[in-house]
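Reminder, nothing fancy here: chain letters follow the sequence lines and each chain counts from 1. Computed over heavy atoms, backbone and side chain alike; hydrogens, waters and symmetry mates excluded.
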Number of protein chains: 2
Amino acid sequence: MKGVEEILQQHSLKNTKVRKAVLSVLMRSDKGLSHQDLSRALDVDFDRVTLFRTLHAFEESGILHKIMDPNGIAKYAYTARPAADRHCHAHFICLDCGQVFCLDEEFPLGDMKVPKGFSKTTIDVQIKGYCNKCTAQD
Amino acid sequence: MKGVEEILQQHSLKNTKVRKAVLSVLMRSDKGLSHQDLSRALDVDFDRVTLFRTLHAFEESGILHKIMDPNGIAKYAYTARPAADRHCHAHFICLDCGQVFCLDEEFPLGDMKVPKGFSKTTIDVQIKGYCNKCTAQD
DNA sequence: ATTTAAATGCAACTCTGTTGCGTTGTTTTG
DNA sequence: CAAAACAACGCAACAGAGTTGCATTTAAAT
């Protein structure tokens, strides 16, 4: 597993406190984390806007991928695989609490047809339902 | 193709102006429409909140399904198939303009594994990329 | 026609995410 | 190692999606 500082350098992103802290938290998480999740998880209090911009920077660099939860809240997850290796992300999204879980399983869905003039970038599979905690509470 | 009023009745929803108008627009659309899209498409000006509540009611009844676009805006699309017939929705989502296109193609993805204690409801496939208009503008 | 429960409209609010701008800090280059 | 160059940060103010409470209206049942 690569180090945080190494990853930042590879993507020509400056090595700052926020970035190291955010990336470190996300690399250890098996769930997608929201802006709010992250600001709670971080010890130091960074500016709201800085955190938003950090997440954007990571997403554009391909370090993170974004998943929208059913409540319209963006969840970010660390992208272990390089962008070139086009595999198929799969996430479990809880319809109650909105948590996004990264699933291990992968899919050979490379040959999906899209309308004329459209270009594909990624294919995401979203399994929706209720997580263990939310199922138990019903 | 079933009539709007018949559908509302089948789901024990009262037959009101908003509902007939909204459902009618959505049944004719091959794209997912947002709250804003709909309030523009409707001739009569309904209250913002009423429109939100209408969409919720339709979603809970299974008449519509909701897809979140990358900007965190909910898009609603008419569910032609009954809920019992568990097929796999596929949507094309434009990373630039955020439009959600319903694709015809379907998938035999019934046997996906989820963690212990989790329950599946639906499986959505999202193909992300750039639509014909946004590809042309680059 | 009358009743009843659901749907509507209005006001006020919450929260995620954005934009502009001056300041700070990292990195590079002499 | 100092200084310039530019990216990243913090603050303030804003924009827009979606929500909640409550009074009023309307669809449907008796």
Side-chain angles (χ1 to χ4, degrees), chain A residues 4-23 32-61 63-64 66-76 95-100, chain B residues 3-24 32-61 63-64 66-76 95-100:
Chain A
V4 167
E5 306 191 2
E6 190 186 348
I7 295 175
L8 289 172
Q9 207 173 337
Q10 281 175 351
H11 291 86
S12 1
L13 291 168
K14 289 190 179 166
N15 226 308
T16 67
K17 285 181 200 168
V18 203
R19 292 182 178 170
K20 284 188 275 185
V22 170
L23 189 48
L33 301 180
S34 67
H35 179 277
Q36 196 183 99
D37 294 336
L38 279 162
S39 59
R40 279 180 187 151
L42 298 168
D43 323 313
V44 191
D45 248 37
F46 298 104
D47 186 76
R48 268 168 40 78
V49 180
T50 301
L51 187 46
F52 276 119
R53 287 201 263 239
T54 301
L55 293 170
H56 286 166
F58 285 173
E59 195 199 349
E60 279 188 15
S61 304
I63 298 176
L64 301 181
K66 179 168 84 172
I67 313 105
M68 296 304 310
D69 89 350
N71 307 311
I73 295 167
K75 303 284 171 88
Y76 294 89
L95 293 169
D96 190 10
C97 67
Q99 277 194 100
V100 173
Chain B
V4 167
E5 305 190 4
E6 189 186 348
I7 294 174
L8 290 171
Q9 207 173 337
Q10 281 175 353
H11 290 85
S12 1
L13 290 169
K14 288 190 179 168
N15 226 309
T16 66
K17 285 181 199 168
V18 204
R19 291 182 179 171
K20 283 188 276 185
V22 170
L23 190 47
S24 174
L33 300 181
S34 67
H35 179 276
Q36 196 183 103
D37 294 337
L38 279 162
S39 60
R40 279 180 186 151
L42 298 168
D43 323 314
V44 191
D45 247 37
F46 299 105
D47 186 75
R48 269 169 40 77
V49 180
T50 301
L51 188 45
F52 276 119
R53 287 200 264 238
T54 300
L55 293 169
H56 286 166
F58 285 173
E59 195 198 350
E60 279 188 16
S61 304
I63 298 176
L64 301 181
K66 179 168 84 171
I67 313 105
M68 297 302 311
D69 89 350
N71 307 311
I73 294 167
K75 303 283 172 86
Y76 293 89
L95 294 169
D96 190 9
C97 66
Q99 278 194 99
V100 173

Asker: Give a yes/no answer on whether the side chain of A/H35 brings an N or O atom under 4.0 Å of OP1 or OP2 in C/dC15.
Answerer: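 No, because none of the side-chain N or O atoms of A/H35 sits under 4.0 Å from OP1 or OP2 of C/dC15.
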Asker: Determine the contact category for A/R48: base if any of its heavy atoms lies under 4.0 Å from a base atom, sugar-phosphate if only primed atoms, P, OP1 or OP2 are that close, otherwise nothing.
Answerer: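 Counting heavy atoms under 4.0 Å across all strands, the contact made by A/R48 includes a base.
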Asker: Which pair of heavy atoms, one from A/G98 and one from A/P70, lies closest together, and at what distance?
Answerer: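 Answer, listing the atom of A/G98 first, then A/P70: CA-CD, 4.3 Å.
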Asker: Treating B/N71 as the side-chain partner and B/I73 as the backbone partner, does any N or O pair qualify as donor plus acceptor under 3.5 Å?
Answerer: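 The answer is no, because no donor-acceptor pair under 3.5 Å joins these two groups.
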Asker: Write down the distance between CG (B/D69) and C1' (D/dG16), rounded to a whole number of angstrom.
Answerer: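 It works out to 13 Å between those atoms.
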Asker: Given atom NE2 of A/H11 and atom P of D/dA8, what is their separation to the nearest angstrom?
Answerer: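 Going from A/H11 (NE2) to D/dA8 (P), I get 14 Å.
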Asker: Just call it for A/N15: base, sugar-phosphate, or nothing, with non-hydrogen atoms closer than 4.0 Å on any strand.
Answerer: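 Sugar-phosphate, no base atom in range.
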Asker: Could you state the atom-to-atom distance from CG of A/N71 to P of D/dA17 in whole Å?
Answerer: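 Checked: the CG to P distance equals 16 Å.
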Asker: Taking the nucleotide of DNA chain D with the closest heavy atom to each, which residue, B/T16 or A/V49, is nearer the 5' end?
Answerer: A/V49
Asker: So A/R53, base contact, sugar-phosphate only, or nothing? Heavy-atom distance under 4.0 Å.
Answerer: base
Asker: Nearest whole Å is fine: how far is D/dA12 C1' from A/F52 CZ?
Answerer: 15 Å
Asker: Shortest non-hydrogen contact from A/E59 to A/K66?
Answerer: OE2-CB, 3.7 Å
Asker: CZ of A/F46 versus P of D/dC9: gap in Å, rounded?
Answerer: 9 Å
Asker: Take atom CG of B/L33 and atom P of D/dA17, then tell me their distance rounded to the nearest Å.
Answerer: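 B/L33 atom CG is separated from D/dA17 atom P by 14 Å.
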Asker: Looking only at side-chain N and O atoms, does A/T54 come under 4.0 Å of OP1 or OP2 in D/dA8?
Answerer: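 False: A/T54 side-chain N/O out of range (4.0 Å or more) of D/dA8 OP1/OP2.
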Asker: Considering only side-chain heavy atoms of B/D47, which listed nucleotide, C/dG9, C/dT8, D/dG10, is closest?
Answerer: C/dG9
Asker: Quick check: closest heavy atoms across B/D37 and B/G32, and the distance to 0.1 Å?
Answerer: OD2-O, 4.2 Å
Asker: Expressed in angstrom and rounded to an integer, what is the separation of B/L8 atom CG from C/dA6 atom P?
Answerer: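 Result: 16 Å.
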Asker: OP1 or OP2 of C/dC15 versus the side-chain N and O atoms of A/Q36: is any pair under 4.0 Å?
Answerer: no
Asker: Please report the distance, rounded to the nearest Å, between CG in B/L55 and P in C/dT8.
Answerer: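 That distance rounds to 11 Å.
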Asker: For B/A57, which contact category applies under a 4.0 Å heavy-atom criterion: base, sugar-phosphate, or nothing?
Answerer: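 The residue B/A57 makes no contact with any strand.
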Asker: A/H56 side chain N/O closer than 4.0 Å to the phosphate oxygens (OP1, OP2) of C/dT18?
Answerer: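 For A/H56, the contact criterion (side-chain N or O under 4.0 Å from OP1 or OP2 of C/dT18) is met.
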Asker: Compare every heavy atom of B/L55 with every heavy atom of B/H35, then report the nearest pair and how far apart it is.
Answerer: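 Heavy atoms only, the tightest pair is CA-CD1, 4.4 Å.
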